[in-house]
Amino acid sequence: MSETATRTAVLETPGGKDLSGKYLTFKLGKEEFGIEILKVREIIGSMTTTFVPGAPEHITGVINLRGKIIPVMDLRQRFKMTPEANNNRNCIIVVEIDLGDKTADMGLLVDMVSEVMNIGGNEIEPAPELGMSIDTSYILGLAKSGPDVKILIDISRMLNQWHYLALAQADGRSAE
Amino acid sequence: MQVETILDQAFQKYRDVEHECSQSGLNMGVKLSEAATRYCVATRLMAEDSMFATIEAELALIDQLLELCQSEEAGNQVNASNIPDCLMPYCQSIFGNLTPKATPSASTTPKPPAQLALASAKSEPTATHCSVPSELDADSWQMFLSEVTDHLNNIEPNLLELENNPDDKEALNTVFRSFHTIKGNAGFLDLKDIIHVTHEAETLLDLARDNKIRVVSSSMDVILRTVDVIRDLMQRYGTWVADGTIPLRHPQQDQLISQLKRLAAGEILGTDEIVTKNDQTEEEHALSNNVETLPISGNAPAQATTPASANKNKPAAAAESVKVDKDRLDELIDLIGELVIAESMVSSVVHTLDVNNSVNARKFSQLRKITRELQELSLSLRMVPINGLFQRMARLVRDLSRKLGKDIDCEIIGGETDLDKNIIEQVADPLIHIVRNSLDHGIEPTKEERRANGKPERAKITLRAFYRGGNIYIEIEDDGRGLNRERILQKAISQGVISSAEGMTENEINSLIFAPGFSTAAEVTDLSGRGVGMDVVRRNIDALHGSVEIRSKQGHGTTVSLRLPLTLAIIDGMVVRVNQQRYIIPTLSILQQIRPMEKDLATIQGQGELMAVRGKNISFFRLSELFDHGTPRISPTKGTIVLVEIKDKVVGFFVDEIIGQQQVVIKHLGHGMDSLPGVSGGAVLPDGQVGVILDVHGLLQLAKTKDLPIVAA
């Protein structure tokens, strides 16, 4: 319990010096990503989503998660990667995102889930500058544990950005 | 601390005694125990310095009470000599005069010095801020708040009842008891400003109970005003509890107290004073939106209206109830909705697997029965009678009619009709607009005009609620001048709402008043004329998946009829298929579904599509195009066109197939998905997949932005 508390506190320090903790890693193509395990509610197999007209492109649709409707985001689309035909290891990671005053659930469609791993603070490097075309503001850092580099993402931040994007789009449409 | 607890207990017990006495008609007992409760409150306010004297006094009081109960004879008098000194002020304040044979002729009783003096010594009189207790925890405040709100809500209808029937002792007693309880509770929390105000109202009512003063309409105004001030004070204290800023006193607090005192002293207040009161009351009740106008005409033929009799709207028999947090209740109802869906999913699977096993079939039908019952029950949980809302309107009618100088009766029919609490909250604003409109524009300004048209001088407004066909109808009917259609048309054309009146039905003309900014009022008054109100009505009712209709007969009056679904959680939906996707269109918006024939179809510039329905050309849109499904156009004869009515225009939406009709539980689509055009939510369909619920107004908007021509029906 106290470990959790300190970890969260460390994560929230500006500059993101110490980000050590448990991460769930998953794959999109050849790249590996990690999200904080505390944000993950569950992992479900990929299922048919219902298309919602007018929703942003990277939202593949909505699913019924035990009576609750949640949107599912295709992370490949979100990262502007080339879409890939379904392999049978596709998964939806259900995450809880922090919206300030409340939380919301959302599904992330990924190619496959790898593992839960402990990443020490000394293994994490700050996100590099990648030029204007790639938004890195939601990247917490790069972890070099093991042979590959893992991109650690701040899921709440990323989804909140998307939310504003969606709102802006909707406003644009109604203003037309 | 301990002393306070004991005092609290004593207070409660005295309250019980008082209650018992009032039930068995022991007036003296009531008064004695009341004195005791007041004393308890006072002791607590003063802290424990007179503890010893207190105990003695209490014991003496109890002796008196016991004696009283034993003798149990009518006309028992309190033996003044047996009452301890420290209790005298309190007893005097209640009995007025403690002579064994009370002087009944005394129309002006001495002012009760007791509690007022006591409290004013502590906080008054020049303070601009409310006096706040040294400590108050949020829980006690919440309990206090909900109790006071209940009592205030209880006071209002009874006051209105009392106004119509000044001899209604029952109503008078109820009002008195409510004020008394509020005062007692406020005393325990040490909220002095509320104590003062309620105390004065209580004194006045007490005198009325003893027939020492007459309840007249001017005193009603002041007492109703008291209710408003207490509400306002509660809000002010509420902010204090929340953030600790000491609230300002209500600006009219002192004025009100002095008026109550003068009334209690038998004075009759001048009408001007009362009118200003009403202004302010009205102001506070007023909405931020301004009300628009119903056009009207004079020249009414004779109409026989029976004099309105005030409806008896006593609060329903007090069934035992539990207060539950609203969010938890909503969650429960949602979950039960899920259970129903899950149940139908399970049984559909089982039926295909195991057709012949009758034992299992019986078990499942049992399960189904229970889930259905559970669902019905869950939906009824949030249902409350509409009476509370109607009572608020009755109050509004009363206040406004004074202000406008019109004599108007308000009749309530069907107040016991149950409606989802969420809907009641959202329908309140539209109702206020409609009522204000009716009063301001519908009812003739002078009695002479009414008389000349053969109507009774007193106008009447009727609030009615009833069920019909799975919907609830709320109607507001007035016997005023009715809509002046020519004037509406004139205005509508000059304001550019329509281009010509040709071919418009009566109903369509009536509906013009819902157009934004539409007003026929010659000048803008503080009540109406800005052309906002009826637009608000239409929008709010649309948001509830309901509809508005106006029936009006020139010279005879106007009826505004609201049709609303019984609950917000569940709608009747038509499930349609577009390509591989299923959508749900609320059945309420659907007029008709048609499979078009080749000969009825036409296009405009190859794009806008039209279909002839009974001689009228109706434009229709393909959902697959509105939603960019990217599939090739198929001939409309292969699918179905769903006709919907949107703002008095009929348009069609083309779908591939109608799958069926069913009830669905409305849900949010989740984070970031709430402002999509044409989409109002989602629902879980029986196979566990999500269906998107469409909003026809949004669809039409979407169609407009897609640059497709729209042809009026």
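In what follows, every chain begins at residue 1, and chains take the letters A, B, ... in the order their sequences are listed. Source: prediction; values computed, not measured.
- The CE atom of A/Met47 sits 7.0 Å away from atom CD of B/Gln689, with the distance rounded to the nearest 0.5 Å.
- Taken from CG in B/Leu685 to OG1 in A/Thr50, the straight-line distance is 7.5 Å, to the nearest 0.5 Å.
- B/Phe627 approaches A/Phe51 most closely through the heavy-atom pair O-CZ, 3.7 Å.
- Considering every non-hydrogen atom in both A/Gly54 and B/Leu676, the closest pair reads O-CD2, 3.4 Å.
- When all heavy atoms of A/Pro71 and B/Gly670 are compared, the pair lying nearest together is CD-CA, 3.9 Å.
- Residue B/Gln580 qualifies as open at atom CD: its count of foreign heavy atoms under 6.0 Å is 12 or below.
- A donor-acceptor contact shorter than 3.5 Å links the side chain of A/Asn64 to the backbone of B/Gly688.
- Across all non-hydrogen atoms, the minimal contact from A/Ile69 to B/His668 is CB-O, 3.5 Å.
- In terms of non-hydrogen atom pairs under 4.5 Å with chain A, the most contact-rich of B/Leu694, B/Val679, B/Val684 is B/Val684.
- Residue B/Val690 touches chain A through both its backbone and its side chain, counting heavy-atom pairs closer than 4.5 Å.
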